[in-house]
Number of protein chains: 2
Amino acid sequence: MDTITIKDIARALNLSTSTVSRALRDSYEINAETKRQVVEYAERLHYRPNPIAVSLKENRSRVIGVIVPQIANLFFSQVINGIEAVAYNRGYHVSIFQSHESYERELATVQQVVARKADGLLISLSSNTVDVSYLRQLQEKKLPIVLFDRASKDLDVPSVTADNFAGAFAATEHLIQMGRRRIAHVAIPASISIAQERLAGYRFALEKYGIPYDENLVRHAGFGPNEVEPIVNDLLIQSPDAFFAASDRLAIGCLATLKKWNIAIPGQIALIGFTNITVADLLDPPMTTVEQPALEIGQVAAGRLIDLIEGKQKTVSSDPVKIATRLVIRASTQAGL
Amino acid sequence: MDTITIKDIARALNLSTSTVSRALRDSYEINAETKRQVVEYAERLHYRPNPIAVSLKENRSRVIGVIVPQIANLFFSQVINGIEAVAYNRGYHVSIFQSHESYERELATVQQVVARKADGLLISLSSNTVDVSYLRQLQEKKLPIVLFDRASKDLDVPSVTADNFAGAFAATEHLIQMGRRRIAHVAIPASISIAQERLAGYRFALEKYGIPYDENLVRHAGFGPNEVEPIVNDLLIQSPDAFFAASDRLAIGCLATLKKWNIAIPGQIALIGFTNITVADLLDPPMTTVEQPALEIGQVAAGRLIDLIEGKQKTVSSDPVKIATRLVIRASTQAGL
DNA sequence: ACAACGTCCGGGAACGTTCCCGGTAACGAT
DNA sequence: ATCGTTACCGGGAACGTTCCCGGACGTTGT
């Protein structure tokens, strides 16, 4: 009754659907005058090709699916902005989904996205995803996939991440240079690839400066709402003189807990976050952070994916791309005591 | 070569596609034994119905489209979480899109979503959208639509928003009760519906306490990255003793600018934000805020939309739903001077 | 004059479903 | 024996496209 189809045009102009279809796609074998008529009529009735029918026919959709653990996270939302910018420019639509850190939701969402014939997949793994075999299967079925931020060592898929090792190294080195020696590390769940990279950077810095690694100073925190506070409390028993938090959320949680105890920052304890929070310098005290180039990660990841989709990538070199981080020094890591 | 279809099952089991289709949907007119065979075989080969084909046939998709101006905004991302929670429970998939505060992108995105046969639309208007006729047309074509947060008075569509008037009133009243009299209001673009509601609440509070309304104390700020600072600077000329910022972003901008000028908060100037920022009490100083129930807004909006989709809403009463806000008092509005 | 070619167009299958319309048995009731 | 049911199942159209195949007509070359 309302959406106008190619058939309607054909009927109205006394043509066949084939002719109309070809006229609309500007085929060489259609008379110029006929094309004009068709295009004009289509224009006038606001004809829009039905993408569902096209997808069914062509087995593709010009849509790329993006799956992140959480959208309410500035890092991911900025990555998405980067993705959209390049995807849009190159003629792709972007559909965004959340896994909510759940393997089941991630799996279901990916299946759905694939069933809807997305041309490619951009995904950051949920923290509860250990079994990535479903992604391997998709990969074997030639579905273009690019991982970002949270990659997986079990998967030979192109990935784009921040240089977490270097970032964590820089953070830890900075703390050491500011005279800290007992540096606690509040890490994200060990299942996530970047947790290990950041931990490694942390350890490497300690090693370089001859500080023994003390595993009592390292704790992993999950994504529960009140998980950070008890962990910080535990760590405080070890009398650290600095906290290195491995994410936005954790840094904020550390800050809140330390304040609760009336611990002077950086007087007694220095604090550094691994984050993208824009309000870092409005906090009390302004917080030193390792900034991840979220936007750029998104842009690069989307670019690689689309290259893959369009077959520009002859060599499917799945060498991971690492984007440099940036240490922004603020008050929370000044020399203390 | 890989995705298995109903035809494959039919061929393998020597049945017709009709029978297989019916068996899979558990039709009463299929023999129990046949059903068993079909279901088992389908299970074994991991058969998944092709949602594209189903959409084409049924003219629906069990997908609801969500369009927000910006995802990198805690308010919207929390609303989305609310939406997803109920949508998921009721058997709908959610596709998320951003308009980036652009009318053209919004229009294009909505068209795309509609063309893909979304069953309904949940949308928060971009600040540059003045012409909502395209939405009216969709509404006339019986597409279920629910607006949230940013509604439009030109549109007779169900909407779910925070109670912006009451929230702004409470904020302003609080400032007045703390002894402030020259209360500056940094508002969001006047084109957005909630800007007017918040302004009205602000004015009503002034009126109630016999404070004359001074239009020099009210300025609207757009979404540019550096738009807030000059506006705050301008307002400072009017020597205000309080700032009421109408959004997250603006409140943060005010705070940053005031700090730049070394203005004591709340000593010289009090500050209150209209926001959802979780770090409000970690800021320097902890910021008093009017909190919007973002999650609930999302839940209610999704609920209404799905009711609409499933025709449970006999009366299409488009009376707007208003969800109460909550005033959280922190240090930034203590009595000054 | 006739083949050969170019130009322009239509018929119809196919993508994977659903569903309407039928049809065939078997069986009890008349 | 005939009829009406009931229980099952298949054929095929339809959703909106694209594209292969083929055909009609006119023009050109020999």
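In the text below, chain A, chain B and the rest are named by the order of the sequence lines, each starting its count at 1.
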Inset, instruction - Output all residues satisfying salt bridge (Lys or Arg N to Asp or Glu O under 4.0 Å) with D154(B), sequence neighbours left out; order by chain, then residue number. - result: none
Legend entry - Pairs where residues 52-71 of chain B contributes a residue and the test salt bridge (charged side-chain N to carboxylate O under 4.0 Å, His left out) is met, not counting sequence neighbours: R60(B)-D119(B)
Legend entry - Residues forming a salt bridge (Lys or Arg N to Asp or Glu O under 4.0 Å) with E33(A), sequence neighbours excluded: R36(A)
Check residues 21-28 of chain A and write down every donor-acceptor pair under 3.5 Å in which the side-chain atom is one partner and the other belongs to a residue at least two apart or another chain.
| unit_1 | atom_1 | unit_2 | atom_2 | d |
| --- | --- | --- | --- | --- |
| R22(A) | NE | S18(A) | O | 3.4 |
| D26(A) | OD1 | K35(A) | NZ | 3.0 |
| S27(A) | OG | E29(A) | N | 3.2 |

Legend entry - Within residues 11-21 of chain A: residues closer than 4.0 Å to DNA chain D (heavy atoms): S18(A), S21(A)
Inset, instruction - Rounded off to whole Å, could you give me the CD-to-P distance for the E29(A) and dG22(D) pair? - result: 15 Å
Inset, instruction - Ignoring hydrogens and angles, state whether a donor on the side chain of S99(B) or S102(B) is under 3.5 Å from an acceptor on the partner side chain. - result: no
Legend entry - Salt-bridge criterion met for R304(B) and D319(B) (N-O under 4.0 Å): yes
Legend entry - side-chain hydrogen bond (donor to acceptor under 3.5 Å, both in side chains) against N14(B), all qualifying residues, sequence neighbours excluded: none
Inset, instruction - Classify the nucleic acid contact of I30(B) as base, sugar-phosphate or nothing, counting any heavy atom under 4.0 Å across all strands shown. - result: sugar-phosphate
Inset, instruction - State whether the side chain of Q78(B) and the backbone N or O of L295(B) hold a donor-acceptor pair below 3.5 Å, judged by distance alone. - result: no
Inset, instruction - Would you jot down, in residue-number order, the residues of residues 35-54 of chain A having a non-hydrogen atom under 4.0 Å from DNA chain C? - result: none
Inset, instruction - Check for a donor-acceptor pair, side chain of S124(A) on one end and backbone N or O of F148(A) on the other, with a separation under 3.5 Å. - result: yes
Inset, instruction - Output all residues satisfying salt bridge (Lys or Arg N to Asp or Glu O under 4.0 Å) with D131(B), sequence neighbours left out; order by chain, then residue number. - result: none
Legend entry - Pairs touching residues 87-97 of chain A that satisfy salt bridge (charged side-chain N to carboxylate O under 4.0 Å, His left out), sequence neighbours left out: R90(A)-D307(A), R90(A)-E310(A)
Inset, instruction - Indicate whether any N or O donor in one side chain lies under 3.5 Å from an N or O acceptor in the other, for S126(A) and T129(A). - result: yes
Inset, instruction - Pick base, sugar-phosphate or nothing for R25(B), based on heavy-atom distances below 4.0 Å to the nucleic acid. - result: sugar-phosphate
Legend entry - Contact boundaries on DNA chain C for chain A, cut-off under 4.0 Å to non-hydrogen atoms: dC8(C) to dG16(C)
Inset, instruction - Name all pairs fulfilling the salt bridge (charged side-chain N to carboxylate O under 4.0 Å, His left out) condition that reach into residues 101-117 of chain B, sequence neighbours left out, sorted by first residue then second. - result: E84(A)-R105(B), E101(B)-R150(B)
Inset, instruction - For S55(B), report the nucleic acid contact type (base, sugar-phosphate, nothing); a contact means any heavy atom under 4.0 Å. - result: nothing
Legend entry - Bending between helix ends of the helix from dA1(C)-dT30(D) to dT30(C)-dA1(D) [5 pairs per end, 10° resolution]: 70°
